[in-house]
Amino acid sequence: MTARVAGFGAAALTALALLALVPRLGNAYYLALAISLLQYTVLATAWGMFSGPTRYVSLATTAFFGVGAYTVAVLGEILPWPLVLLIAAALGAIVAGIVGLSTLRLSGVYFVIFTFGLTELIRQLVVWFEVNKSRVLGRYVFVDITQADIYWQLLALTAAVFLLGWLIARSRLGFALRVIGEDETVAKHCGINTTFAKVALFTISATVMTLVGAIMAPRWTYIEPSIAFNSMISFQVLIMALLGGAHRLWGPVLGAVPLTLLFELLSARFPNTFTIILGCIFLLIVYMLPRGVAGLLEKLSTTAGGKTRQRATA
Amino acid sequence: MSQGSGTPVLTINGLRRAFGGLVAVNDLSFAVAQGEIMGLLGPNGSGKTTALNLISGVLRPDAGTIRLMGQNIAGLASYRIARLGLARTFQLVRVLDGMDCRENIKAGLAFQRPHLSAADAEVRIGALLDRVGLAGHDRRPAADLTYIDRKRLELARALAAKPRLLLLDEWLAGLNPSELAIGIDLIRSLRADGITIVLVEHVMSAVRALCDRCIVMSSGRKIAEGATADVLSDAAVVKAYLGGVAADA
Amino acid sequence: MLEVKNLSLAYGLHRALDGVALNVGRREIVTILGANGAGKTSLLKAIAGVVRTLPGKQVRLGGRDISALAAHDIVESGLALVPEGRGIFGDLTVKENLLLGANPKRAREGEAARREQVLALFPRLRERAAQIARTMSGGEQQMLAIGRALMSNPDILLLDEPSLGLSPAMVQELFATLLRVREAGVGLLLVEQNAQESLRIADRGYVLENGVIVGHGTADQLKSDPAVQRAYLGGVPPATASSS
Amino acid sequence: MAPVDAPWEDKMTTFLTRRTALLAAATCAATLGLTAIAEAQTSIKIGYAISRTGPNTGGAAVTTIPNYELWVKEVNAAGGIKLGDKRVPIEVVQYDDRSNAEEAVRALERLINQDKVDFILPPWGTGLNLAVGPTLNREGYPHLAATAVTDRAPELAKRWPNSFWLLGTSADAAKTLVELLNKLRDEKKIGDTVAMVSIADGFGIDLSSAARPALTNAKFKLAYDKSYPIGTQDLAPIVNEIKALNPDVFIAFSYPPDTLALTEQSRIAGLNPKVFYTGVGTAFPLYRQKFGKNTEGVMGIGGWSGDSPAIKDYLARHKAAAANGAEPDRWASAVTYASLQMLQQAIERVGKIDRAAVIKDLQTGTFDTVIGKVKLENNMPTRYWWVGQWQGGEFYGIAPAKNEGARTAIVPKPAWVAP
Amino acid sequence: MTNAILTGLMLGGMYALIAMGLTLQYGVARIMNLSYGEFLIAAAFASHWLFTGWAISPFVGLALVVPLAFVLNFAIYKLLLTPLVRRAPNRDALEVDSILATFGLTFIIQGSMLALFGGAYYSYSFLAFPVQFLGETVAANRLAALGITILLGLALYAALTRTRAGTAVRAVAVDPFAAQLVAINVPQASALTFALGGALVAAAGVLVSTFLTFSASSGVVFTMKALIVVVMGGVGNMLGCLVAGLALGLSEALVASYVDPGLTLAVNFALFLAVLLVKPAGLFGRATR
């Protein structure tokens, strides 16, 4: 077991080191694509960290992403960069804590639409504040951060997220979440503080999303609510994680990477019929891969006996 | 109130809970002494399961107190009650299908205070599997177990927490006669460990074999309480529960 | 009237029913005895076509093969189920529940007369016609469930734990009603944890253990069977019982 | 009405002279030994990423895409862009930025690194143009932002010398509008009550923030000053409240759907101020199609010299080329097309694919375009149309009045009529 | 005040109108239809095309577009969604699958509309004149839409409560398991209800197109608005849909008139969130889980 962990760790470190070299390729497009892949990998993984075990489908990704981006928009030119990231993370955590405590009693579609409404509310309030109080809408972010810096930060965050996810899965919290995912009533009777566990996880996941928003913000120079709080991000992340398979830590990556590449390929090859082709491929995936890419891999890796264990093991 | 020996583990006073207009538990009071096995009887829908849900914190009582080892736990969250030493099984057996047997039991003990070391936990899990008759099934997925083994696993999970009070909701239902005998012995042995038990059960032979005392509920109210034999021959009980056929066992 | 052969059902690896065979005649009450978890509920559901069974079953109703029919067509062919937990439409009114009971085409003719019959059986339902079903008491809900099933003009009525949650007096009343339903020419298949009471009104019974029929006989035979007594009648020998 | 001063022949002459000069310059370049490089070039690869899906689609579909397509078609029909002594056709690579800043940036990086395009045409809208600014600057591509209005334009032009901000600043827009109102008040054509609404977006807020002090300084009475969020479905409460205030001037810094809704609601509520000014979308052909005779006298942001032959010719060509004979909008469309002409002329003057030289030429050169002669100062044009007005079914620029082709404003606006 | 209330009612009526179909599709057929707004826009385009191309009044257009939408939605349910319904082991699984599938459908419909009509804004004038109503001046097209909304709403309400078929539809929403016990063909009823929802959203699209400017990409706005109304009212509840729609419309109009138009949407969302926090299953919903 330990040997396996060590081996896996070594492989992960090697992969990380190799990935860290991407900016050295000197091709800004590959770098941009890598940034995009990392962005969605982190977002979808963070999404899956909470929604996978608890099965709450959240559309609040954009809310946290936007909070991060806006923190940079407001403070990016004033404070040193690490401090900005720290403040963004703290803000994200606070918002997530409040939201988590107030909303986790909702279930099913009510939670889904609530989180969407929440995103819109935050966006409307930011707009209203900017319009009426600061009287600027659209802030300029001129900070001294290169594309490679963004990439490396995202890569570090990706590594941190996977490490965190791995640690959580091995921790008592991770086990508690698996029990909650199986049967929340049983979990409570086993002495699990289910509210705490869920809010803690929601907060962790949201903080990561906030950091992604903060890290990405310098890439666009200009931040306005419609850019920072673009609700498409929520949908894309949700779809990626679901397609990949949110029930495993590494599941969402399997959705994020191919879908990002697919988007890229289709929008490059078929700029005019992009949407139609995308829609068709999408439907095909839904019909062909009912349990996501992770489910497909699991199915392939299990023997013909058909004992497909559908849920995660630590 | 208590007829058993020692201090009451559970004392319930004036417990009430209504759903809309339907009063499911109405002014229920009773006490369970240390080491006692108490039967909670009554027709389906008489409020037994609601009472268990109130005690274990699934539901919040409208009125009344529930004392576990002297501490009022009425309205406390389930997980807190569980950590105070209460464990239960469910009428429709609930095991964690996505996990193996070992993990199912681990769920029962991992969140209790103080935390066990990993090694101690493994030892306890092994002992529990042994005890309920699931030795050697550690890595077997719970979903693959038969009905009776699922029941065993659920009990092992409840026992993992070393509870002071154990609530068994029709745990013996659906067992064949030989399994029933094993089950009765198992429950009896728990008492020897100092576990106090509240048993909701329809299998009368088991009630007679196990329970020191019984309470009978009907339409949310307690209609009888006393030694098992007395209660089962009580006219009101016979009318309400045994369906108008007098029992003179 | 109703003939069931080779009915098997599995949940995952767990075989809930194994080769069950039984029949219910017109104007007959047949009860199924069995412990919780023995498969009684699954049996009724399987006959009514609401759960998927293993291949090979044969279900005939009045000589017609209904094995392959969907649940809603089985109702059309004259078999109604009052499921465990009643299955009434809680958000709809009593009147609407009864209206839906008469949804099968076979029930349209004589609907008004049948409604009167049902309301005569359960006068409370007439008083509560405009009430939202879930706000009624358990007993009233049970009446509604049975009344709704009767509205479909069934030849066979399957009842799963109809006495659940009813007061003793109401149980007596309910069972008296079931006898009247039988007199109307309906065959009843009754699953009831109150074995004593159900054997009292039943003509025949089957004993179901772990998904297998392990015995059957007339109600009197079953009542006097020691094994049945021990397992399902609380060990009370009915021979010495005096009616209260 | 509009002064028709320059005789036709004069214009023709200027045109010819200019062309001769260009030809001469090109020949010069060719003889200086650049031919070899030009010959190696069999096509000019031009790339753009534009919003074909997402919220920006509406704007891009009216203002940007048809002009890009029209220009490419025309240039290629004429044999291509003249590099040295030969014409090289344009080869287009295009992507969808899905109205998303991140996609826009990445698409551009793809165009630059994978497709190795020679030139890049900008996306639609202020936000996306700002988002791609750093990339284009870093990679040294000329950035002719024809659909971005930002007050930071002068600063951005300094920061990114490759960027050209052709639509001007909102401060300038607001100032021009207030100057016009001031003049009208001096002429006793209007009183001094103003009602102003703005959309809660970068565009609306910038403009209203600039207009607010300008109006107050000019001693206008700001009777109503509110903003509304994007996506507001019914603007009736705003219009009704403004009507109750009975202002002389109604100003809306709005986006196309709201521009239409505000106009419609004003007509229905009978809000009939002497000056009725709405934002983006007023200059759209859709506006005239929807309101017909009622457009008469409506003012809006932008405008063009509707009487100029170049514009008339452009309008005709646009109609002929675009799908369903769609007309261009009367503001940024023409600027967009002009920016393409500028790019082409700069490339042709340089005579080879030398982006640094093209940028230099754009900074310093003078260009002949559909919107007239353009000479940039500090990477920005020296004149803009800020206020236009529908007059007789055409949207004419009316302010700044010093602009060539400026028409006189019709004030007060005729009352709304039943459609 | 009257004016603000009247405006609010018209706006709220529109919200209720665009949500009615979704509450059927989601409440009864259990399909979380993310492509809902695209169907609305498609109907708006159809109406625009009929009106500008063939001078067919949107009222007549309703008679053409609505039945067509019914057939189309029925086919979509049968062909695309039935396989998902069949394979879903429970309601949650169907929800995830239907979200994914209809998300794909969104792209297809939107892409087709972009190909057919381009990305530009569309708008036309129909009944765009003022009328006096309750002493206030309002737009005839909005008033007509409100009128038709009320008619449709009443007709639907009557059909759902007064007829056996309608009651059967509600029965499927309340308890699909029990519904089959009263001889309701649940898959068929679901398909028909989904189609009816599609017909309603088409009606909404036609009516909305008479007074709103739209483009091929504005569908998602309507999807989300409809979802919010549906969830706020309680899934599957027609009355809840109406009340929630009106509450949102009124709050929007009142806030615009008396507080600040800039806060309308914020107040809308706050109201929605507050309702859910107090009643987690919406105004007229019952918490089942």
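A quick note: this is a predicted structure, and the numbers were derived from the prediction, not measured. Lettering of chains follows the sequences in order, A, B, ..., and the numbering in each one begins at 1.
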Neighbours of chain B found in residues 184-197 of chain A - heavy atoms under 4.5 Å: Thr185(A), Val186(A), Lys188(A), His189(A), Cys190(A), Gly191(A), Ile192(A), Asn193(A)
If one checks every heavy atom of Ala110(B) against chain A at 4.5 Å, the contacting part turns out to be both
With a 4.5 angstrom heavy-atom cut-off, is it the side chain or the backbone of Ala77(B) that approaches chain A, or both, or neither? neither
Residue-level contacts of residues 54-70 of chain B with chain A, using a heavy-atom cutoff under 4.5 Å: Ser56(B), Val58(B)
Need one label for Arg157(B): side chain, backbone, both or neither, based on atoms under 4.5 Å from any heavy atom in chain A. side chain
Tell me whether Arg164(B) at atom CZ has more than 12 heavy atoms from other residues, nucleotides or ligands lying less than 6.0 Å away. no
Side-chain heavy atoms of Met99(B) within contact of Val179(A), under 4.5 Å: yes
Under 3.5 Å, side chain of Arg172(A) to main-chain N/O of Phe111(B), donor-acceptor pair present? no
How far does CZ of Arg94(B) sit from CD of Glu182(A), to the nearest 0.5 angstrom? 12.0 Å
I'd like to check the side-chain contact (heavy atoms from CB on, under 4.5 Å) partners of Asp169(B); sequence neighbours left out, ordered by chain and number. Thr49(B), Leu52(B), Arg88(B), Gln91(B), Val200(B)
Sequence neighbours excluded, which residues qualify as side chain to side chain donor-acceptor pair (under 3.5 Å) partners of Thr207(A)? none
